[in-house]
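To start, the structure itself, in structure tokens.
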Amino acid sequence: MKLKLEAHDLLWGMTVDCLADDAPHWVREVLQRGDPVVVRRAITPENQVAVGIRGQFRHQRYAAQMPRIAINRQLKPEELTHVDLQQFEHLAERLQSISSIMKNFSGCWGYTGSFGFELATGIKTVTQQSDIDLLIRAEQPFAKKQAIELLENFQQAGLNVDIQLQLPQGGLALKEWAGNSGKVLLKRSDGAVLVENPWN
């Protein structure tokens with residue numbers, strides 16, 4: 001079965017022999033530890049998937065390719081909305097606030113970035129300063145009014161969120177879509193483009 005891989009999915013199974021010879025030492029350590037890698041947007045050969053590897057520090061990000069055959073586990077952002085809060089007591093308050101805001105929203109959503117990584121692995125990556133990265137699946141056009149309301153709800157709750165809309169054609173920042181500029185930046189596998197209607 002060919003896995004449907006999308007940006008922000010977490011994948012396990014990549015080994016150091018998939019890396020270029022000049023890969024930094026910390027990247028090798030991450031893979032030897034068995035940490036997941038995250039799918040990123042880029043064009044690759046059919047048997048490979050573009051991935052990003054994250055280190056302990058914010059500046060430690062490394063782009064690579066993973067053979068599809070090496071994947072032994074895949075986790076989507078929306079699967080992380082059902083975690084046991086007792087396991088993440090230091091995040092529980094923020095997670096509960098997010099859930100209560102998002103429960104009024106009928107669509108499919110999930111965690112990405114440092115929040116998603118910590119919820120998936122238990123490795124502490126979230127700090128008090130960390131943005132909360134969320135992804136909303138938006139197969140159909142997302143109403144601007146709804147985008148504005150959602151951002152206002154998070155602002156009132158004092159939560160610093162970075163929300164990406166995942167469209168069939170790519171990714172779009174909710175903040176940008178809620179704004180009143182004519183064109184918005186759509187991140188696609190072949191690069192970012194300015195468009196008026198990203199669903200068209």
Side-chain angles (χ1 to χ4, degrees), residues 3-12 35-41 52 54-58 61 73-181 184-187 197-199:
L3 289 172
K4 187 184 181 199
L5 301 172
E6 297 174 292
H8 305 290
D9 287 359
L10 290 172
L11 305 176
W12 281 259
D35 289 5
V37 297
V38 63
V39 178
R40 61 187 175 86
R41 286 186 189 89
R54 63 182 301 147
Q56 194 183 347
F57 304 106
R58 202 176 172 151
R61 298 288 183 270
R73 185 180 169 215
Q74 173 189 22
L75 191 68
K76 294 204 157 288
E78 51 268 38
E79 293 175 66
L80 296 167
T81 56
H82 310 292
V83 294
D84 176 7
L85 290 181
Q86 286 180 316
Q87 279 186 296
F88 299 97
E89 281 182 16
H90 61 298
L91 303 179
E93 198 181 319
R94 283 185 274 179
L95 294 173
Q96 280 166 328
S97 302
I98 295 160
S99 291
S100 64
I101 290 170
M102 294 304 285
K103 75 169 191 286
N104 302 321
F105 166 74
S106 58
C108 179
W109 67 279
Y111 292 98
T112 63
S114 53
F115 256 79
F117 191 84
E118 182 161 340
L119 294 175
T121 62
I123 299 167
K124 285 209 161 119
T125 47
V126 177
T127 65
Q128 275 306 116
Q129 287 73 44
S130 295
D131 275 358
I132 300 158
D133 294 296
L134 301 178
L135 175 140
I136 292 176
R137 303 251 174 236
E139 300 291 316
Q140 303 301 321
F142 197 93
K144 287 213 178 215
K145 184 172 175 280
Q146 193 180 14
I148 293 163
E149 264 172 39
L150 203 49
L151 289 169
E152 280 173 355
N153 287 341
F154 277 110
Q155 213 173 354
Q156 282 160 5
L159 293 167
N160 202 10
V161 290
D162 183 357
I163 304 176
Q164 282 279 322
L165 293 175
Q166 181 89 348
L167 283 58
Q169 295 84 352
L172 167 67
L174 185 74
K175 236 175 216 150
E176 202 175 340
W177 183 240
N180 47 22
S181 61
V184 290
L185 195 68
L186 182 67
K187 293 181 198 155
N197 179 359
W199 282 273

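- Remark: F154 CZ to K175 NZ distance equals 11.0 Å, nearest 0.5 Å.
- A heavy-atom distance below 4.5 Å is not found between the side chains of L150 and V161.
- Considering R73, K76, R40 in turn, K76 is the only one that fulfils the salt bridge (charged side-chain N to carboxylate O under 4.0 Å, His left out) rule with D9.
- Ring planes of W109 and Y111: perpendicular class, angle over 60° (limits at 30 and 60°).
- When every heavy atom of L75 is checked against every heavy atom of A120, the shortest pair comes out as CD2-CB, 3.6 Å.
- Contact annotation: the side chain of R94 approaches that of L159 to within less than 4.5 Å [non-hydrogen atoms, C-beta and beyond].
- Residue-environment remark: NZ (K144) exceeds the threshold of 12 foreign heavy atoms within 6.0 Å.
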- Item | Criterion side-chain contact (heavy atoms from CB on, under 4.5 Å) on I148 and K145, from CA distance to verdict | CA-CA 5 Å; I148 293 163; K145 184 172 175 280; 5.8 Å; no
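- Judged by distance alone, with hydrogens and angles left aside, the side-chain atoms of W177 form no donor-acceptor pair with the main-chain N or O of A147 at under 3.5 Å.
- Inter-residue side-chain proximity for M102 and I136 is flagged as met; some heavy-atom pair is nearer than 4.5 Å.
- A 6.0 Å sphere centred on CZ of R58 holds no more than 12 heavy atoms belonging to other residues, nucleotides or ligands.
- Within the 3.5 Å criterion, the main-chain N or O of V126 finds a donor-acceptor partner in the side chain of E118.
- Evaluated for a side chain to side chain contact (heavy atoms under 4.5 Å, CB included) with S130, the options T127, I132, D133 yield exactly one hit, T127.
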Original post:
Under the salt bridge (Lys or Arg N to Asp or Glu O under 4.0 Å) criterion, do K4 and E6 qualify, and how do the steps go?
Top reply: CA-CA 7 Å; K4 187 184 181 199; E6 297 174 292; 3.5 Å; yes
